[in-house]
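Have a look at the structure below before the remarks.
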2 protein chains.
Amino acid sequence: MTTTLKDISKEAGVDVATVSRALNGSYGVHKATRERVLAVAKRLNYRANLTARELAVGKSHTLGLLVPDIGNPFVTEVVRGAEDAAYAAGYHILLCNSYLDSAREVQYMRSLLDKRVEGILMHSVQTLSNTEVEELSNSEIPVVLLCRSPSASNFSGVCVNHFEGGVLAGEHLMELGHRKVAFLSGPRDHGNFIEQGKGFIKAVTSVKDSAPPVVLNGPPSFDGGYQLAKKLLEQNHGVTAIFAANDVSAFGIGRAIFEAGLSIPDDISLIGFNNVELANVVRPPLTTIHQPKYEMGQAAVEILLGLAKSGRLGVPEQREFGVRLVKRSSTSAPPKKSR
Amino acid sequence: MTTTLKDISKEAGVDVATVSRALNGSYGVHKATRERVLAVAKRLNYRANLTARELAVGKSHTLGLLVPDIGNPFVTEVVRGAEDAAYAAGYHILLCNSYLDSAREVQYMRSLLDKRVEGILMHSVQTLSNTEVEELSNSEIPVVLLCRSPSASNFSGVCVNHFEGGVLAGEHLMELGHRKVAFLSGPRDHGNFIEQGKGFIKAVTSVKDSAPPVVLNGPPSFDGGYQLAKKLLEQNHGVTAIFAANDVSAFGIGRAIFEAGLSIPDDISLIGFNNVELANVVRPPLTTIHQPKYEMGQAAVEILLGLAKSGRLGVPEQREFGVRLVKRSSTSAPPKKSR
DNA sequence: GTCATTTTCGCAAACGATTGTTACATTGAC
DNA sequence: GTCAATGTAACAATCGTTTGCGAAAATGAC
């Protein structure tokens, strides 16, 4: 049997209200009685029931975090930042892994709402269905969209400038002298990759003698990158550099290049996106576009908590982080003679 | 204003109890009234308040998951398995990242208890303090220790046979012909690494002409492995193979070997532990000891839920998973002439 | 010692559900 | 038309807290 305020109240001979106040250190309870109550509470191994408190007070001190795949190291970093910020603020995090499965996503969203979380973080959701947008808007809790290009919806968001990242990647390759490049992108309809591609294409085509990039779409995973790269190499466009949708897919691309008997960066340069921790571990270390993942997670929670406290849900906040190029060894000048 | 059962009850002209039963599809409410209630609920955008239900019913449908570092890909896989299993069972997961900081760990543990989670999963905690053991035992919720060698405490556990893993690694290196090897271990007092080392040493020393392994201790991280390897190479024992505490530290070791101008596996063979997804991505692909991470996460949740349902906390369940050697390209026969 | 002021504490009403018990309506058999 | 059996729905207690309000008790000034 777990002990409750009532038990303590009986044992200590005071009202349950007094017990509550004593335990919470509220003003207006005599030092002596407080100590007596605390002693009894300790003796009875009392543990507060946050569920009951939550019901009474109306605050759950809990946030929902919806992610596409916790297995993705990029996502993980963001989660880490979010968790730290939440912990610092005395909040808990409910972790929901959706695998981008929209049924699962909706189901999770509903239970988060029902659980009365004080805010929801959604990481790189592809597209929100109308149901979702509507139900989220009806609820009076704040939502922050993470790592997703700003959209029409009026939710708050934390993201990185994907367009700018694309530009950086393109410029870097152009500076190195590449003139025939490819962008192995993610899903065709995903805003982030669209932006990334636009920036890349802009940078590439603004150099006069360079060919417009070859663009292929596929899942932005290790295997997706691998398959796409195999396809690209078979088509034999003679590209000398590849811009990957993200680091993880770049790893897959690297594998395909290796298996084709080619070498990075001597035959083909490779540049990623995200700057995952392991980009520095693989060989050759991957040139990539850095994105402040941890800080983004933190920022998202801060915004969320700010909105929750102020209650000003009507005025969504957008925060955009900068990107920067991290030069490592997977990019270099193109081979003298293109194959 | 969020709408409650009472609102619906007024609007539909029935008692709140009837509304509750109608919404939950309980037996004993007329089809017509149920439909009327459902219609009103929909019109009022009713959302169940799980907090209230939880208080009334006494079940939170929530599990606590305490991990040392969500950034570690090994941990992540386990979390993924746990999350999937929880989702399948209709449970939610509260994510708590402790960074092995025991103050944070205790604080998290307490709030999980206060939040009335139905079970707690603790991933590879180093050592439980007496306070923790006591408070956890006092609470009436089940605890499952994950990835931690079985201990004296009477909590349930899911782990892998670290000793056996060490043996496998040792045997593999011996078969390849290595006779002078090293184990770059984790913290000296961590049970898992101790077991791993024991197994390794046993396998190595049971070969007659092989020297007992050089053993160094340090944090089992990328940087930890890097530092340890540098130290080892400086000491110049002439080892031809290294067994790492885990894959991530093996990556660091690989970096140090590379920087020393040596090559894997030609100069030094390297074998990891865990079989993280990226072990197959790095070059050369890492030979390692496979551990069914995802399945362990799943199993842990299943055990937890089983204990929670049965209420038989007195009889902890231990599940041990097998390990196996995954041969890749980071191990080979030692160089003809040792350096 | 009296009176005003301040502390201390109990009472009771929330918070939003669930659920056992009871009362009334309906149905069907005869 | 009566009675029993069944189906519906209302009443009320409960889950473990918090908190506004008012009463009693303690304090302090004079």
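Just so it is clear, the model here is predicted, and its values are computed rather than measured. Below, read A as the first sequence line, B as the second, and so on, with proteins coming before strands; counting in each chain starts at 1.
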Nearest listed nucleotide, side chain of A56(A), among dT18(C), dT17(D), dG10(C) | dT17(D)
Measure the distance from CD on E54(B) to C1' on dT14(D) and round it to the nearest whole Å.
-> 16 Å
To the nearest 0.5 Å, what is the distance between NE2 (H30(A)) and CD (E35(A))?
-> 9.0 Å
Can you tell which of dA17(C), dT19(D), dT17(D) lies closest to the side chain of R21(A)?
-> dT19(D)
Does any donor atom in the side chain of Y87(B) or Q107(A) lie under 3.5 Å from an acceptor atom in the other side chain?
-> yes
Tell me yes or no: between the side chains of E54(B) and T51(A), is some donor less than 3.5 Å from an acceptor?
-> yes
Nearest-angstrom distance from the residue atom NZ of K6(B) to P of dT18(C) = 15 Å
Rounded distance (Å) that lies between atom C1' of dC15(C) and atom CG of L50(A) = 15 Å
Under 4.0 Å between a side-chain N or O of T33(B) and OP1 or OP2 of dA9(D)?
-> yes
Counting any heavy atom closer than 4.0 Å, what does G58(B) reach on the DNA or RNA strands: base, sugar-phosphate only, or nothing?
-> nothing
Nearest 0.5 Å, what's the CD-CD distance between E77(B) and Q291(B)?
-> 11.5 Å
Checking salt bridge (Lys or Arg N to Asp or Glu O under 4.0 Å) for the pair D84(B)/R104(A): CA distance, chi angles, key distance, verdict?
-> CA-CA 11 Å; D84(B) 276 354; R104(A) 185 156 169 172; 2.9 Å; yes
Given atom NZ of K31(B) and atom P of dG7(D), what is their separation to the nearest angstrom?
-> 16 Å
Integer-rounded Å distance: dG16(C) P and N49(B) CG = 7 Å
Select base, sugar-phosphate, or nothing to describe what R116(A) touches, counting heavy atoms under 4.0 Å on all strands.
-> nothing
Using atom CZ of R36(B) as one end and atom P of dT8(D) as the other, report the distance to the nearest whole Å.
-> 13 Å
Ranking dT17(D), dC11(D), dA17(C) by distance to the side chain of D15(B), first place goes to dC11(D)
Taking the side chain of V14(A) as heavy atoms from C-beta outward, which of dT19(D), dG10(C), dT17(D) is closest to it?
-> dG10(C)
Using the closest heavy atom to pick a nucleotide of DNA chain D for each, name whichever of Y27(B) or S20(A) lands nearer the 5' end.
-> Y27(B)
Tell me: CG of L23(A) to P of dG16(D), nearest whole Å?
-> 15 Å
If each of L55(A) and V29(A) is mapped to the nucleotide of DNA chain C with the nearest heavy atom, which maps nearer the 5' terminus, i.e. the 5' end?
-> V29(A)
Given dT8(D), is OP1 or OP2 found less than 4.0 Å from the side-chain N or O atoms of H30(B)?
-> yes
The residue, G13(B) or L5(A), whose nearest nucleotide of DNA chain D is more 5′ is G13(B)
Give the nucleotide from the list dT17(D), dA17(C), dT19(D) with an atom nearest to the side chain of R53(A).
-> dT17(D)
Shortest side-chain distance from A17(B), nucleotide among dC11(D), dT17(D), dT18(C) | dC11(D)
Rounded to the nearest 0.5 Å, what separation is found between the OG1 atom of T62(A) and the NE2 atom of H92(A)?
-> 7.0 Å
Interatomic distance, L44(A) CG vs dG16(D) C1' [rounded to whole Å] = 15 Å
